[in-house]
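First the structure, in the form of structure tokens, and then the observations on it.
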Amino acid sequence: MTALAYFNPYSGLNFFGVMAQLLSRLGQLVVGSAENHLYSDELQILVLMGVALSSSLVGTFLILRRMAMLANALSHTVLLGIVVAFIATGTHQGLQLVPTMLAALSMGVITTFLTQLLTRATRLQEDASVGLVFTSLFSMGIVAVTVWTRNAHIGTEAVMGNVDALHAADLKLVAVVAAVNIILIWMFFKEYTITTFDAGLASALGISTVFFDYLLMVQAAATSIGAFRAVGVLMVLAFLTGPALSARLLTHRLSHLLVLACAFGMSAALFGVAISRHLLSVYGLAMSTAGITVVVIVLQFLAVLTYTRTRMVLARSA
Amino acid sequence: MQSLWLYFTDPVLRGPTVGCMLMCVAAALVGVLVLLRKQSLIGETLAHATYPGVILGVLAVAPWMQGESSGNLLAVGVLIGASCSALAGLWSIEALRKYAGIRSDAALCFVLASFFGVGLTMASRLQFSHTRLYVQIQQYLYGQAATMTDQHVVLYALLALLIAILVVLFYKELQVITFDREFAKSLGVPTTSIDNVLFLLVVLAVVVGIRSVGVVLMSAMLIAPAAAARQFTNRLSILLVLASAIGAISGFLGNYLASELSVLLVADTGGSLGLPTGPMIVLVATALTVLSLLFAPERGLLLRLWRIARFRWRCTSENVLKNIWRDQERGYRLHDLARHLDMSRVQLQLILWQLKGQGWIERSKRGGWQLTEPGRVWAAQIVRLHRLWELYLTDCLGMGVERVHRSAEEMEHIITPEIEERLTRILDNPTTDPHHQPIPPREGNLA
């Protein structure tokens with residue numbers, strides 16, 4: 001799991017070849033004859049799937065709680081957190097787990113807090129204060145990263161992500177983030193459900209809606225930072241909203257919603273990597289894998305939308 | 001100062017400077033309208049949605065790009081592409097709301113992310129095959145004013161002018177529709193068409209602005225100047241002018257800081273570095289907004305907090321006076337004051353000193369505090385207001401005697417002489433309150 005091989009059995013394969021190769025590798029893993037390392041494509045699939053898993057879980061609640069635009073703000077502001085974490089640890093390589101998590105925690109809290117402060121203290125509309133807070137923090141992040149690295153292009157890479165530059169350490173970060181998200185959602189499932197759907201009942205039971213708002217924002221921040229290297233800080237928004245919205249069209253039950261959203265997100269990640277490899281092998285097109293995954297998420301949504309619309313029209317005409 | 005002026009006269013610097021200012025003015029004008037309609041975040045989505053259009057526009061004009069006019073051609077291509085793509089984004093938001101029943105915040109977010117994702121995928125395709133175009137496109141992410149020429153500025157100036165003309169032309173309709181939609185409908189204003197004009201304005205402002213502020217940060221220039229100007233006025237016309245001025249200042253200072261900082265950094269490392277203008281413009285604009293939010297007269301946070309604190313202090317002082325007065329009346333012991341008023345001894349001491357300085361109280365011969373004659377009149381007046389209000393609540397509003405004290409504790413600091421006069425008349429100049437305490441008569445002229 002530590003070293004990446006120079007020889008990659010996925011190179012030159014088309015979409016179906018990638019799938020077959022992946023299956024045979026999984027088979028080897030079950031039998032126990034697998035080599036002891038991950039190839040780059042497998043790493044990409046695992047990382048993107050981890051990102052998709054985290055974001056689908058968090059995104060479902062974000063959308064149900066009408067906090068989507070706050071998540072948008074957060075996906076911008078984590079850049080500042082990442083830059084500060086980088087500068088504080090004084091390293092150009094890979095994100096270290098503890099400072100990264102601290103950055104996520106603080107940016108989640110700071111963004112939410114500043115937005116609410118602006119809204120309450122200065123009577124600015126909520127959407128305007130959201131807009132002000134995240135654009136200014138993001139600007140600081142961009143200026144800081146440009147001045148610090150003396151390179152105007154880092155800022156561009158920060159929003160685009162690059163799956164080809166992933167390390168095994170990134171997988172570890174994504175896995176930890178996904179695990180934390182799963183555990184928190186599982187532990188507080190009841191509290192999240194109640195505060196999402198019935199604020200009155202929540203306060204009667206003594207459950208603080210504000211606390212869970214903050215916790216969700218921190219989880220979203222951790223998810224964004226985990227996704228930063230692979231998909232960049234802005235495209236993670238598609239991971240957060242897309243699968244949850246697709247699932248929302250199909251079901252009204254919360255548990256089904258979560259499972260479906262995860263399924264949509266993770267399958268999009270798998271297909272994204274496979275399509276990216278296919279385009280490279282067959283057509284010689286090198287395109288952003290994260291971008292392709294986002295396109296797959298959008299296509300999934302459109303397909304589900306078409307399906308539900310047709311069914312509705314058919315039901316009406318019948 | 002001279003170097004500042006240079007930014008308007010130097011042929012290389014003047015293009016970016018004027019361009020940035022015009023773009024920010026256009027954005028600020030439209031921003032005021034969307035801020036008042038509480039649709040600030042639509043700009044965020046539409047700005048991100050222009051990104052695939054920027055790329056398509058660049059690709060479309062790429063084959064003809066040769067020689068002198070290539071820059072202009074590129075600008076036109078980007079403008080057209082970005083507008084189409086923003087309109088597609090606008091349509092998608094509406095479609096998601098209407099056909100998929102998705103709430104507007106989620107729809108905004110999803111459209112933003114998917115358009116931007118599609119754009120980035122397209123950009124990544126060009127990264128290796130068309131490196132020169134790729135660099136041009138990436139400048140639109142965070143804005144890069146430095147390469148703007150006078151000809152570009154003319155183009156953007158025309159568009160900014162178009163926005164200003166549209167705002168002036170539809171001023172009446174936009175005003176009435178912003179503040180009272182139902183009233184506008186009853187007047188026969190075509191609300192849907194005016195809505196469309198507004199959306200068109202947003203699209204135009206965004207498309208013009210992305211050259212200097214960038215796709216990612218464009219929404220800030222719609223929000224910040226409008227929010228800052230809102231602190232100073234309630235009139236729409238003044239609001240528009242003020243916001244434009246704040247936009248122009250941020251445009252100028254942002255561009256100035258970005259190029260000065262780039263020069264500094266280049267001198268430091270020896271390489272070439274073009275700091276994007278967008279973040280600097282946004283930082284200047286938000287700094288101006290934060291200053292206005294804090295210090296604006298009337299609405300500014302600090303002044304508001306100061307007024308609240310001063311009012312609280314006055315209430316406490318009046319309570320102290322009242323208690324000293326009642327001490328004379330009922331024979332309370334003075335050092336019970338702190339406990340009775342439930343306040344710290346330090347604060348009480350400060351208030352006593354201040355009251356003494358103002359001549360309301362003085363040291364009595366026994367070592368306590370006693371009211372001076374003006375102090376006694378004032379304290380009696382406070383008690384009079386308190387008891388008048390209690391009587392009004394029981395007699396005219398039918399509230400129970402035991403429930404009126406708390407309300408009167410607050411109202412005694414608020415009732416104006418006019419209200420007092422009317423209360424006196426309604427209650428027929430009473431002499432006792434519901435607790436059978438005497439109501440002190442009105443005496444003297446009180447400030």
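Below, chains carry the letters A, B, ... as their sequence lines are ordered, and counting in each starts from 1. For the numbers below, each heavy atom of this structure counts, side chains included, while hydrogens, waters and symmetry mates do not.
- Neither the backbone nor the side chain of L279(A) comes within contact range of chain B, judged by heavy atoms closer than 4.5 Å.
- Contact tally against chain A (heavy-atom pairs below 4.5 Å) for R125(B), R103(B), H48(B): the top residue is R103(B).
- The contact between L64(A) and chain B is made entirely by backbone atoms, counting heavy-atom distances below 4.5 Å.
- Interface check for chain B: of the options T289(A), V298(A), L240(A), the most heavy-atom pairs under 4.5 Å are formed by V298(A).
- Looking at R304(B), only its side chain comes within 4.5 Å of chain A, counting heavy atoms on both sides.
- The CD1 atom of I142(A) sits 8.5 Å away from atom CG of L141(B), with the distance rounded to the nearest 0.5 Å.
- Ranked by heavy-atom pairs under 4.5 Å with chain A, the list A220(B), P279(B), A106(B) is led by P279(B).
- The greatest number of non-hydrogen atom pairs below 4.5 Å with chain B, out of S139(A), G141(A), A244(A), is found for S139(A).
- Listed options M67(A), R309(A), R248(A), M140(A) were ranked by heavy-atom pairs under 4.5 angstrom with chain B; first place goes to R309(A).
- Between V294(A) and S114(B), the shortest heavy-atom contact is CG1-CA, 4.3 Å.
- At least one side-chain heavy atom of S219(B) sits under 4.5 Å from a side-chain heavy atom of T135(A).
- The contact between F134(A) and chain B is made entirely by side chain atoms (from C-beta outward), counting heavy-atom distances below 4.5 Å.
- Listed here is the closest heavy atom pair of S124(B) and S288(A): OG-N, 2.7 Å.
- F301(A) is listed as a side-chain neighbour of L96(B), based on a closest heavy-atom distance under 4.5 Å.
- Of the residues considered (L124(A), L245(A), I297(A), L305(A)), L245(A) shows the highest number of contacts with chain B, using heavy-atom pairs under 4.5 Å.
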**Message:** Pair T45(B), M69(A) - check side-chain contact (heavy atoms from CB on, under 4.5 Å), show working.
**Reply:** CA-CA 10 Å; T45(B) 301; M69(A) 270 334 239; 4.0 Å; yes
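- Contact between D105(B) and A68(A) at its shortest, heavy atoms only, is OD2-N, 3.4 Å.
- Heavy atoms closer than 4.5 Å to chain A are found nowhere in L126(B), neither backbone nor side chain.
- When every heavy atom of L249(A) is checked against every heavy atom of A100(B), the shortest pair comes out as CD2-O, 3.7 Å.
- For V216(B), the parts sitting under 4.5 Å from any heavy atom of chain A are the backbone and the side chain alike.
- Taking every heavy atom of both residues into account, S136(A) and T286(B) meet most closely at CB-OG1, 3.5 Å.
- Residue contact with chain A, scored on non-hydrogen atoms closer than 4.5 Å, involves the backbone and the side chain of L120(B) alike.
- Of all heavy-atom pairs spanning Q39(B) and D127(A), the tightest one is N-OD2, 3.7 Å.
- Judged purely by atom type and a 3.5 angstrom limit, Q125(A) uses its side chain to pair as donor or acceptor with the backbone of L35(B).
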